[in-house]
Student: 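Following this message is one structure expressed as structure tokens.
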Protein chains: 2
Amino acid sequence: MLQKHVFGWRSQAGRHMDLEAFVATKEVVSDSEQIASDTASAWDSLLQEISHRPKRATERKQDRAKRTEQQILHAALRVFARDGISRSRIADIAAEAGISTSTLYEYYKSKEDLAYDVPLSHLAEFFESYHANAASRTSARERLLLYLVMSADYAREHAEWARLLYLEIWPSVFVSDTELRHSIDDFTRVILFLVKEGVAEGWVSPERSPYETVAVLIGGVNQLIITWLLYRKPKNLTRAGTEMAERLIAMLENEVSR
Amino acid sequence: MLQKHVFGWRSQAGRHMDLEAFVATKEVVSDSEQIASDTASAWDSLLQEISHRPKRATERKQDRAKRTEQQILHAALRVFARDGISRSRIADIAAEAGISTSTLYEYYKSKEDLAYDVPLSHLAEFFESYHANAASRTSARERLLLYLVMSADYAREHAEWARLLYLEIWPSVFVSDTELRHSIDDFTRVILFLVKEGVAEGWVSPERSPYETVAVLIGGVNQLIITWLLYRKPKNLTRAGTEMAERLIAMLENEVSR
DNA sequence: CAATTATCCGATAAATCGTCGATTTTACAA
DNA sequence: TTGTAAAATCGACGATTTATCGGATAATTG
């Protein structure tokens, strides 16, 4: 059981992207076509990396077990979203999944462990969904707009999951050193990347710290989502998310064009 | 024990402010002096209300007990901030406070109950501190700037408390129907009030939903604070908070002056 | 089909929460 | 000061929940 911690846990696969991108952009190039292509490839690598981050170290051998794992995750999401993590009982989740309590412990070593694994699959799905939709967008501005709009809309579509992630897990300190933390960090890395591209494209002020700009963007959208999750206001989250995203980007543009 | 829930709990005192403010501003007035005075009084009433929101229904009779209550709150803050709420043990908190576990239950009926009471006193202190500092500011713009800057700075000064509030409690759904939820709502009400004043003063766009504007402001500042709590970046939170606040307000101003 | 491994579960240990009655301390009036 | 009722404290104990372990059952492999 301890072995799980020592290795196999939190694989480092896919961590080489930064180096590759670094090498790629350091190549001596002369025409802007080449540069654009490099940037594009860095963008693809980033998306590739974040959607392929490995989920679990231990892989189940039997089909039945894979089904059980899915049932546990599904049941846990339902129960956690209904009762909140701290009020939820492992026994309830196991019952909901149609297995015994001890079987659940065969899959997850603690309630905390389970809670941190539940949001992962949806997060990966979001990244994949974004990856598909972003293919047609060429400018960083369009990509960023889509990203912000989609994150609000995804929360609306998967309210149980969003409730768990945004209201209970996202800010928690104790997610550190967790696969989930890496995925959450990935979420912000995408925005950071696009903001830096925005500077290159000339519609984001180079005078401002990109990190501060990221905080403004994520903060605004998340605050909107959290308010919706808590009070179901605004009624139409999709539209509010679009308006918020467009407004935030327009605000950034205003900073340079004056 | 159930009685505690039925009454005495979550006092409604101070809930009449809205009505009073409504009546005041509906008075027929002709000159702008009078309007300004009314607005000022509404502002004072708001600050008055939020800093005097009653803390607990049950008041301790003995000096020793009041000291004990303080010791519990102090110990709980330390332990919660160190271990996180869910990992903290009531026994540890009691030990840290120098009392027995059963005595602690004499004061708080559950760990959850305790966790939701801990942030209250600091929140009240923040409001009082702001109230004092805001006295010299006359425009809504200055008051809002001060509010945002002070909230970031207060988090820096009281990092343990901020860690508890921002990373564990603020977004939690289960704070609903709690005295704490009212205080957190108060926090946003102040900003909402100032945003609406900003529209009247002409530097906030009337085309935008005030609620959306509030989300942008709170979201940006909170995201900054959360990032600092998690990663201690940016190093200098006070300066970063000031920059963030000034930037956000400038962004709002940009929306109208073009 | 036998051997091996993976999965599942009932029984039970361990940890933590929360309660109760008895005891001590405090506030205060006489 | 002292008696007394109320307030506060605590140790012992019950209840709930988390987590473990060894064996039974099912799947896989050769």
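All figures in this text were calculated on a predicted structure; none of them were measured in a lab. Numbers restart at 1 for each chain; the letters A, B, ... are given by sequence-line order, proteins then strands.
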Student: Do Y147(A) and N133(A) have a side chain donor and acceptor closer than 3.5 Å?
Tutor: no
Student: So, OP1 or OP2 of dC9(C): does either fall under 4.0 Å of a side-chain N or O from T103(A)?
Tutor: yes
Student: Looking at residues at least two apart in the chain, or sitting in another chain, which of them share a salt bridge (Lys or Arg N to Asp or Glu O under 4.0 Å) with R67(A)?
Tutor: none
Student: Please give, in whole Å, the distance from dC21(D) P to K109(A) NZ?
Tutor: 15 Å
Student: Measure NZ/K66(A) against P/dA26(D) and give the value in whole Å, please.
Tutor: 21 Å
Student: Can you list the residues that meet the salt bridge (Lys or Arg N to Asp or Glu O under 4.0 Å) rule with R64(A), with sequence neighbours excluded?
Tutor: none
Student: Identify, with sequence neighbours excluded, every residue that meets side-chain hydrogen bond (donor to acceptor under 3.5 Å, both in side chains) alongside T188(B).
Tutor: none
Student: Strictly below 4.0 Å, heavy-atom distances to any atom of DNA chain D: list the hits from residues 88-102 of chain A, or just say none.
Tutor: S88(A), R89(A), I90(A), S102(A)
Student: Strictly by side chain to side chain donor-acceptor pair (under 3.5 Å), give each pair with a member in residues 82-97 of chain A just once, sequence neighbours left out.
Tutor: R78(A)-E96(A), R87(A)-E112(B), R89(A)-D92(A)
Student: Quick one: E69(B) CD to dT9(D) P, roughly how many Å, whole number?
Tutor: 10 Å
Student: Kindly check if the number of other-residue, nucleotide or ligand heavy atoms within 6.0 Å of NZ (K66(A)) is above 12?
Tutor: yes
Student: Among residues at least two apart in sequence or on other chains, which ones pass ring-ring contact (aromatic ring centres under 6.0 Å, His included) with W170(A)?
Tutor: Y166(A), F187(A)
Student: In whole Å, I'd like the distance from the CG atom of L104(A) to the P atom of dT7(C).
Tutor: 14 Å
Student: With sequence neighbours excluded, what pairs up with A97(B) under the side chain to side chain contact (heavy atoms under 4.5 Å, CB included) test?
Tutor: Q71(B), I72(B), A75(B), I99(B)
Student: For nucleotides 1-4 of chain C, give me every protein contact, N/O to N/O, under 3.5 Å, one pair per line with atom names.
Tutor:
none

Student: Where along nucleotides 21-30 of chain C does protein come under 4.0 Å, by heavy atom, of base (B) or sugar-phosphate alone (S), with - for untouched nucleotides?
Tutor: ----SSS---
Student: Take atom CD of Q70(B) and atom P of dA8(D), then tell me their distance rounded to the nearest Å.
Tutor: 14 Å
Student: Starting at atom CZ of R60(A), determine the distance to atom C1' of dA27(D), rounded to an integer number of angstrom.
Tutor: 14 Å
Student: So, using ring-ring contact (aromatic ring centres under 6.0 Å, His included) as the criterion, who are the partners of Y154(B) when residues are at least two apart?
Tutor: F126(B), H158(B), W161(B)
Student: Report yes if at least one side-chain N or O of Y105(A) is closer than 4.0 Å to OP1 or OP2 of dT20(D); otherwise report no.
Tutor: no
Student: Which of these nucleotides, dC8(C), dA19(D), dA8(D), is closest to any side-chain atom of K111(A)?
Tutor: dA19(D)
Student: Whole Å only: how far is the CD1 atom of I85(A) from the C1' atom of dT18(D)?
Tutor: 16 Å
Student: Which nucleotide wins on minimum distance to the side chain of Y107(B), given the candidates dT9(D), dT7(C), dG18(C)?
Tutor: dT9(D)
Student: Let me check something: any side-chain donor-acceptor pairs from residues 214-222 of chain B under 3.5 Å, sequence neighbours excluded? List them with distances.
Tutor:
none

Student: Sequence neighbours excluded, which residues qualify as side-chain hydrogen bond (donor to acceptor under 3.5 Å, both in side chains) partners of T238(B)?
Tutor: D153(B), R156(B)
